[in-house]
Amino acid sequence: MEKNYGPSGFEGKIYAEWLDKKYFRAAPNPDKKPFAIMMPPPNVTGQLHMGHALNNALQDCIVRYKRMRGFEALWMPGTDHASIATEVKVAEKMRADEGLTKADVGREGFLERAWAWTAQYGGRIVEQLKRLGCSCDWDRLAFTMDAPRAKAVTDVFVRLYRDGRLYKGDRIVNWCVACKTAISDAEVEYETRQSSLWHIKYPVKNDGRGQGAEKAEYITVATTRPETMLGDTAVAVSPDDKRYRDLIGKTLILPLANREIPIVADAYVDKAFGTGAVKVTPAHDPNDFEMGARHNLPVIRVMNDDGTMNERAGAFAGLTREAAREAVVAALKERGFLVKIQKHTHNAGHCYRCGSVIEPIVSRQWFVRMKELAAPAVKAVEDKTVKLTPKRFEKIYLHWMRNVKDWCVSRQLWWGHRIPAYTCGECGELIVDYAKPDTCPKCGGAAIEQDPDVLDTWFSSALWPFSTLGFPDKTPELAYFYPTDVLVTAYDIIFFWVARMVFSGLYNMGEVPFKRVAFTGLVRDVQGRKMSKSLGNGIDPLELIDKYGADSLRFSLLNGTAAGGDMRFGPERVVSARNFMNKIWNAARFFHNAQCTMHNSQLSVGERSDNAECNGHFSLSEPVTDCPSKERGHFSLSQPVIDCPSKENSPAKKEKSVGEQSAGKACRADKDNAECRMQNAECNGHFSLSQPVIDCPSKENSPAKKEKSVGEVLSGSNSQMPNEKDPDNAFQFSIFNFQLSDKECRSEQNETYKLSPADKWILTRLNDTVKRASAFLDNYDAGLACAVIYDFIWGELCDWYIELVKPALYSDDAGEKGGALAVLARVLKSALKLLHPIAPFVTEEIWRSLPKAPGDPESVMTAAYPEYDKKLVFRGDAERFDKVRELIRGVRNLRAELNVPQNKRPRLFIFCKKEEKLVRRCLPYIRTLTFSGEADFIADAAGPQGRRTSVCVSDLADAYIYTDELIDLEKESARLQKEIENAEREIKRCEGKLADKGFIANAPKAVAAAEKEKSERYRVRLAELRASLARLGLRE
RNA sequence: GGGUUCAUAGCUCAGUUGGUUAGAGCGCUUGCUUGACAUGCAAGAGGUCGUUAGUUCGAGUCUAAUUGGACCCACCA
């Protein structure tokens, strides 16, 4: 019943059919060029958010485009186990549901629950991606923690270790006290916070010899972490700081702890900051750790893994770090060691998962030695083996990669790939191997324990481009699809993932993982804020799909955004996209109706009124019900069906239809009655898109004729009716067998139709669009491709061409009609192909309803993407036709300025200045598109005499309309003045340029010639405008 | 501290390598239910392209400075 676009009725069904037909499958195929994209695996327990929607819409667009371009296009889907994120969620759920902690259930119990959780929610995001229309090869769906990926992870870990690229050591790591695990540098987010700088006196140990800074009983240090002073093992000063020069080498008594610590000189210290003296706490600060190493200082760790103070903190043991800080400061104050507290802002690291303040702590962890791995990864980007776009991300990447530090890959978690490292309980030997050894290779002992830790999630993600293709086995997939072509991802995981894939690919495969990275921006809310759960400003893409359809959502995310830029997203965007889908929908309806109309003209009056019901609607979800043709029933999906409502014109039925129709007409007269409109809509019959129906009323009524006029051929009057019983019937509605060639369209029967000016214009525009859209898509610039296709479909095909073909379609010349319809079909189908990668569902749904030409596949997704066809570019004709459009716009403008309402059809008088043949040929267009009545050509440049007129001046012709009493002299004068001023301004500009010797000397000839031509044109126009002003008895 | 990026119509944004009168969507004004579409059609208003200086015959586009916003990186206690 819906005459409007209603995606919920067909998207699911179409997707199921695509799956069923295995259109998404990709496999090594020597006859085709490979194309591969690896989906950034979303978290297995995650839900689709707008970022995913954007990212995957773009990938799908690219992969569909490449598929249509003839590539063996693989889009590899998968999910990520998201070690820390999932572990946190599972622990939370466990606590909420069962009141249990990880410690309560133990490793096995916890993993059981985590796998159960994965089983329960793991498919959710996949189903959500399907709703978006993603054409992934789902048969290959991978999970970063499934068996093949585990094999790849173990293989890489063992080889890294044996290559000396992996080591275990005590180093300062970023420790999250809430997650109780180490995390990598990339996982720390720095935030500027208001804090304090505590100045603390450390007494100098009296050695009995007061000299130099003899009065120095104390040295004052400034710190942001007073609680860590309990772990201090030195105080450092700058070697060239005169204030402290004589104290270097002396000993201090560490307050509260009463330990002796040395004063050391280290270049790291900035004498200008604070007091110029730094307390050194190697166990709790990365810089101090390094200083400690330089000066052989002991490392005293005073904190537990959970952020509480340990026994080394003496009296403060057991306190949390926050409580310890207060207690330490209070104690210092009480004992007179606190000098002052300054306000201070500093950067504090926070865990990117839980947000708690990161504690730098010395810990024994596994590290990937980055220096050697990074070098080729730097080179690959430098020499563009991997191209990052937009280009600015190359700088970011290179800066990071050149300064990268060793990567801490061990995590004190359970959910993840357990590290394949084992320790002999007897001799302590460390063994790294593919499987747990039965006995220690060193001492033969059997008490072998596996490392309890798991690997960083990103360790397995880094292998994604090849682990998904079967690595470490040498599979045909790996040989065929690797390196992949493009990675599409948001720029916020450039370090986490992109950079690590590059060096992992180079290390493990000897080749980069992808040739190109197309970064997307972030989807923000209308105010420009990141969408987040805590802010509650997120938009649920699934709700948008429910309401507007997946195509609308995709289009709204892709259209008009520059690659890599953030976007502000509000629901209005989707509404606008939905309107566009509706527009295309209705363009297709127009096509179907136009055929109906064409057949109509060959019917008797009675038949015509019956057939009028078919001017109406497609039903997406419902089968044909009300259409008179419904009884015929047997439509074939694979073949275009020509339906003939007139075939079974039972008198009763006919009468009813006519009655309905006239009721509709009566309603129509009532302008304000919306309800009536709706009723009227119902009076119109229905097409079902799911069962393509092409109306052919003439089948039985037309006498078989031997002599074939174009029109008859077009109407299919001498053709067989196809149906399911006759599947091999090669009948195609013959107009669609027309081959478009230079200047004409020729049918199989050798009938020809000369392309109209409008045809040539739209075909030229179509090809221009094909060229531009393809260029953008080749560069993965879907946003710009969208804009180009949108402009073509709405601004040219719908706003102009469909209006332009109406005179031909409603005329009595069957040849004109058929030809126009053939061209319209051709352009419409090309438009669907152009748009398909962006809006796959609606294009498919419409495609199925359209008659097929030889070679047209049943699904638009398997059609070839349109290619630029020089034969169908009529540059000169199109440019001349643009002048006709200019004339039309001029007349419309004139009418609007004169307040001639659109339902008035004034007579038009045309004084043609050039291209008269063309203008005469285009007269039907001009009349229709300017809502004019009769149109006459006149010979007098001053317009028709005897009555008052108003004129619009254009390059081709001047058009007059009677204005008589309508005219408001003042308004008319103002209108003409405005045009005169406009012309004068342009002339001035042009002539200014032309008078400039530099311009003439340096500008390209074409540019100069264009300026000259323009100035001449405007001079003519100016003269005419002045003349018409004069005729009104007005002056400037 | 280093770096990147943005600034164009009331709002959100396009604007390829410098070259017609700087575009679109939404919003606004006016007219219109016109045989595809009121989820629409037609017409219109609205911009000295953040500021300044430069390069150039010519700058929204290139250069430098400047103002304001966003982001990234970095060990300043």
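Just so we're on the same page: letters track the sequence lines, and every chain starts at 1. Reckoned from all heavy atoms, side chains included, excluding hydrogens, waters and symmetry mates.
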Send over the distance from [X] [atom1] to [N] [atom2], rounded to a whole Å.
X	N	atom1	atom2	result
Leu898(A)	C32(B)	CG	P	15 Å
Leu797(A)	C37(B)	CG	C1'	13 Å
Lys806(A)	U34(B)	NZ	C1'	7 Å
Arg1017(A)	U20(B)	CZ	P	13 Å
Asp270(A)	C76(B)	CG	P	12 Å

Mind checking the [atom1] distance from [N] to [M]? Whole angstroms is fine.
N	M	atom1	value
G46(B)	U8(B)	C1'	13 Å
A59(B)	G50(B)	C1'	16 Å
A64(B)	U20(B)	P	25 Å

Distance (rounded to the nearest 0.5 Å) between [X] [atom1] and [Y] [atom2]:
X	Y	atom1	atom2	value
Ser932(A)	Arg892(A)	OG	CZ	10.0 Å
Arg529(A)	Leu522(A)	CZ	CG	14.5 Å
Asp551(A)	Trp585(A)	CG	CH2	10.5 Å
Ser954(A)	Lys883(A)	OG	NZ	8.0 Å

[X] bridged to [Y] by N-O distance under 4.0 Å:
X	Y	value
Arg1019(A)	Glu984(A)	no
Asp955(A)	Arg1021(A)	yes
Lys988(A)	Glu986(A)	no
Glu290(A)	Arg171(A)	no
Asp882(A)	Arg885(A)	yes

- Sequence neighbours excluded - side chain to side chain donor-acceptor pair (under 3.5 Å) pairs with any residue from residues 276-285 of chain A: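 Non-adjacent pairs meeting side chain to side chain donor-acceptor pair (under 3.5 Å): Thr228(A)-Lys279(A), Asp232(A)-Lys279(A), Asp232(A)-Thr281(A), Lys279(A)-Thr281(A).
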- If you look only at pairs with a residue in residues 777-793 of chain A, which of them pass as a side chain to side chain donor-acceptor pair (under 3.5 Å), with sequence neighbours excluded?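 Side chain to side chain donor-acceptor pair (under 3.5 Å) check on residues 777-793 of chain A returns Tyr65(A)-Asp778(A), Arg516(A)-Asn779(A), Asn779(A)-Asp781(A).
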- Does Phe495(A) or Arg905(A) map to a spot on RNA chain B nearer the 5' end, using the closest nucleotide for each?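 The residue mapped nearer the 5' terminus is Arg905(A).
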Nucleotides 40-48 of chain B: which of its N/O atoms have a protein N/O under 3.5 Å away?
from   : atom 1 : to        : atom 2 : distance (Å)
G40(B) : OP1    : Asn579(A) : ND2    : 3.0
G40(B) : O3'    : Lys583(A) : NZ     : 3.0
C41(B) : OP1    : Lys583(A) : NZ     : 2.7
C41(B) : OP1    : Trp794(A) : NE1    : 2.6
C41(B) : OP1    : Asp799(A) : OD1    : 3.4
A43(B) : O3'    : Asn893(A) : ND2    : 3.1
G44(B) : OP1    : Asn893(A) : ND2    : 2.8
A45(B) : OP1    : Lys978(A) : NZ     : 3.3

- Side-chain contact, heavy-atom cut-off 4.5 Å: His346(A) with Leu197(A)?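 A side-chain contact under 4.5 Å is absent here.
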- Task: Kindly indicate whether the side chain of Val280(A), heavy atoms from C-beta on, has any atom under 4.5 Å from the side chain of Val235(A).
- Result: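 Answer no - side chains too far apart.
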- Query: Using Watson-Crick and G-U wobble pairs whose two distances are both under 3.5 Å, how do you write the pairing of RNA chain B as dot-bracket, with | for links to another strand?
  - Reply: (((((((..((((.....[...)))).(((((.......))))).....(((((..]....))))))))))))....
- Please list, chain by chain and in numerical order, all residues satisfying salt bridge (Lys or Arg N to Asp or Glu O under 4.0 Å) with Glu981(A), sequence neighbours excluded.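 Residues passing salt bridge (Lys or Arg N to Asp or Glu O under 4.0 Å) with Glu981(A): none at all.
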- Message: According to side-chain contact (heavy atoms from CB on, under 4.5 Å), who are the partners of Glu187(A), at least two apart in sequence or on a separate chain?
- Response: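 By the side-chain contact (heavy atoms from CB on, under 4.5 Å) rule, Glu187(A) matches Ile183(A), Ser184(A), Tyr352(A), Arg411(A), Asp456(A), Trp458(A), Phe496(A).
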- Using a heavy-atom cut-off of under 4.0 Å over every strand shown, decide if Ala1010(A) touches base, sugar-phosphate, or nothing.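 Nothing, no heavy atom under 4.0 Å.
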Between the protein and nucleotides 54-60 of chain B, list every N/O to N/O distance that falls short of 3.5 Å.
from   : atom 1 : to         : atom 2 : distance (Å)
C57(B) : OP1    : Asn1002(A) : ND2    : 3.4
C57(B) : O4'    : Gly998(A)  : O      : 3.4
C57(B) : O2'    : Asp996(A)  : OD2    : 2.7

- Query: Of the residues in residues 565-573 of chain A, which ones touch RNA chain B at a heavy-atom distance under 4.0 Å?
  - Reply: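 Heavy-atom contacts with RNA chain B come from Arg568(A), Arg573(A).
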- Query: Where along residues 771-788 of chain A does a heavy atom come under 4.0 Å from RNA chain B, residue by residue in number order?
  - Reply: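 Correct list: Leu784(A).
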Acceptor/donor pairs from residues 1002-1013 of chain A side chains to any protein atom, 3.5 angstrom cut, sequence neighbours excluded:
from       : atom 1 : to         : atom 2 : distance (Å)
Asn1002(A) : ND2    : Gly998(A)  : O      : 3.1
Glu1013(A) : OE1    : Arg1017(A) : NE     : 3.3
Glu1013(A) : OE2    : Arg1017(A) : NE     : 3.1

Atom pairs under 3.5 Å, N or O on each side, protein against nucleotides 62-65 of chain B: can you list them with distances?
none

- In B/S/- notation (B base, S sugar-phosphate only, - none; protein heavy atoms under 4.0 Å), nucleotides 1-7 of chain B written 5' to 3' is ---SS--
